[in-house]
Amino acid sequence: SGSSILKSIEWSVARTGTITPVAIIEPVELSGAMVSRCSLHNLSRVKELGISPGATVIAMRRGGVIPHIESVSSPGEGGVSWPNDCPSCGAPTATNRNEHVRGGEVVRVIETLACSAPATCPASIRGTIEHFTKALDIDGFGPKMVEKLMAADLLDTVADLYRLGPGDFLGMEGVGEVLAAKLVGGVQGKSSLPLVAFLTALGIEGLGEVTTRTLSERFVSLERILSLTREELEVLDGFQETLAETIVTGIEQRRPVIDALLEVVTVQSFAIAPVTTASGPFTGR
């Protein structure tokens with residue numbers, strides 16, 4: 001751990017619209033590395049610490065990797081504050097409460113800050129596109145390329161990836177005819193997607209590879225999964241009340257993105273591989 005001074009709090013917008021606080025501190029050495037940015041996790045953590053610019057803070061590297069603020073040893077200037085408007089699009093921010101329930105009782109409440117209009121927020125759209133292309137192994141669409149395409153009004157949604165033609169890339173620095181054709185071909189090569197891959201690429205909180213495969217094996221089609229209720233999810237093994245709520249809410253929020261994608265891609269229903277019996281020279285002996 002190390003002591004430092006908090007210079008400011010930076011609020012970063014994730015693909016889900018969640019706005020995450022990051023502490024910008026005077027550089028301090030932690031576990032052999034100079035650190036100037038530390039995680040503050042969520043709005044609840046900011047409130048718990050009572051942190052504000054000018055505070056003396058104790059920073060640590062969690063697991064020797066992720067730097068975070070452990071505590072505040074002396075207060076800063078003024079009170080704790082957070083943005084009323086999204087730092088990316090200017091829409092009003094909303095405070096969400098996530099209740100952790102154990103044995104029917106609420107044991108912890110975590111508050112998070114979020115953009116109230118993630119469907120049209122540039123930071124959220126950019127993060128969604130980057131996650132989609134990375135999850136599906138579509139090469140060439142890193143942060144810089146996505147930013148260029150959005151600045152040129154060629155990308156407003158994930159679905160717009162499938163409407164790009166080679167001519168849209170020409171004139172961009174470092175992109176010739178061969179690369180342009182490769183970029184378009186990489187996207188079009190992912191126009192028919194397995195159910196698990198499609199759901200995972202959406203980046204919906206709670207729908208990781210394991211939960212997505214579980215739902216795909218049980219409910220088979222995208223239409224059925226999109227219509228799932230909290231009650232249907234809660235009865236499944238491993239899907240407690242909080243996770244069920246998170247998944248259903250996430251699907252509702254992502255529905256415009258999903259509907260737009262279904263105009264340009266085909267999603268295959270989940271197919272369970274048939275059980276085959278091996279045979280050989282010793283079969284039956």
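Computed from a prediction, not measured in an experiment: that's the story for all the values here. The figures that follow rest on heavy atoms only: side chains count, while hydrogens, waters and symmetry mates do not.
Residues passing the side-chain contact (heavy atoms from CB on, under 4.5 Å) test with V146, sequence neighbours excluded: R126, I129, E130, F141, M150, L155. Applying the salt bridge (charged side-chain N to carboxylate O under 4.0 Å, His left out) criterion to K182, with sequence neighbours excluded, gives no partner residue. Listed by chain and residue number, nothing satisfies the side chain to side chain donor-acceptor pair (under 3.5 Å) test with S221 (two or more places apart in sequence, or in another chain). Contacts of L262 classified as side-chain contact (heavy atoms from CB on, under 4.5 Å), with partners at least two apart in sequence or in another chain: F198, L222, I258, V267. Take E48 and apply the salt bridge (charged side-chain N to carboxylate O under 4.0 Å, His left out) test, not counting sequence neighbours, and it matches R45.
Judged as a side-chain hydrogen bond (donor to acceptor under 3.5 Å, both in side chains), not a single pair has a partner in residues 132-151 (not counting sequence neighbours).
Follow the hydrophobic side-chain contacts under 4.5 Å out from V22 and you never reach L6; the two are in separate clusters. Residue M172 is grouped with residue L164 when hydrophobic side chains (ILVMFWY) are merged at heavy-atom distances under 4.5 angstrom, including chains of intermediate members. Put simply, I24 and W11 are part of two different groups of oily side chains (I, L, V, M, F, W, Y) that touch within less than 4.5 Å, one to the next. Cluster membership check: V13 does not share its hydrophobic cluster with V257, using side-chain heavy-atom separations under 4.5 Å among Ile, Leu, Val, Met, Phe, Trp and Tyr. Under the 4.5 Å side-chain heavy-atom criterion for ILVMFWY residues, a single connected hydrophobic cluster contains both V72 and L40.
Here the side chain of D168 pairs a donor or acceptor atom with the backbone of G165 at under 3.5 angstrom. At distances below 3.5 Å, not a single donor-acceptor pair connects side-chain atoms of S116 with backbone N or O atoms of A94. H131 places a side-chain N or O within 3.5 Å of a backbone atom of T200 that can act as its donor or acceptor partner.
By the 4.5 Å heavy-atom criterion applied to side chains, C115 and C89 are counted as neighbours.
Of the charged side-chain nitrogens involved, at least one lies within less than 4.0 Å of a carboxylate oxygen, so that E232 and R224 count as a salt-bridged pair.
Side-chain atoms of S227 and E223 include no donor-acceptor pair closer than 3.5 Å.
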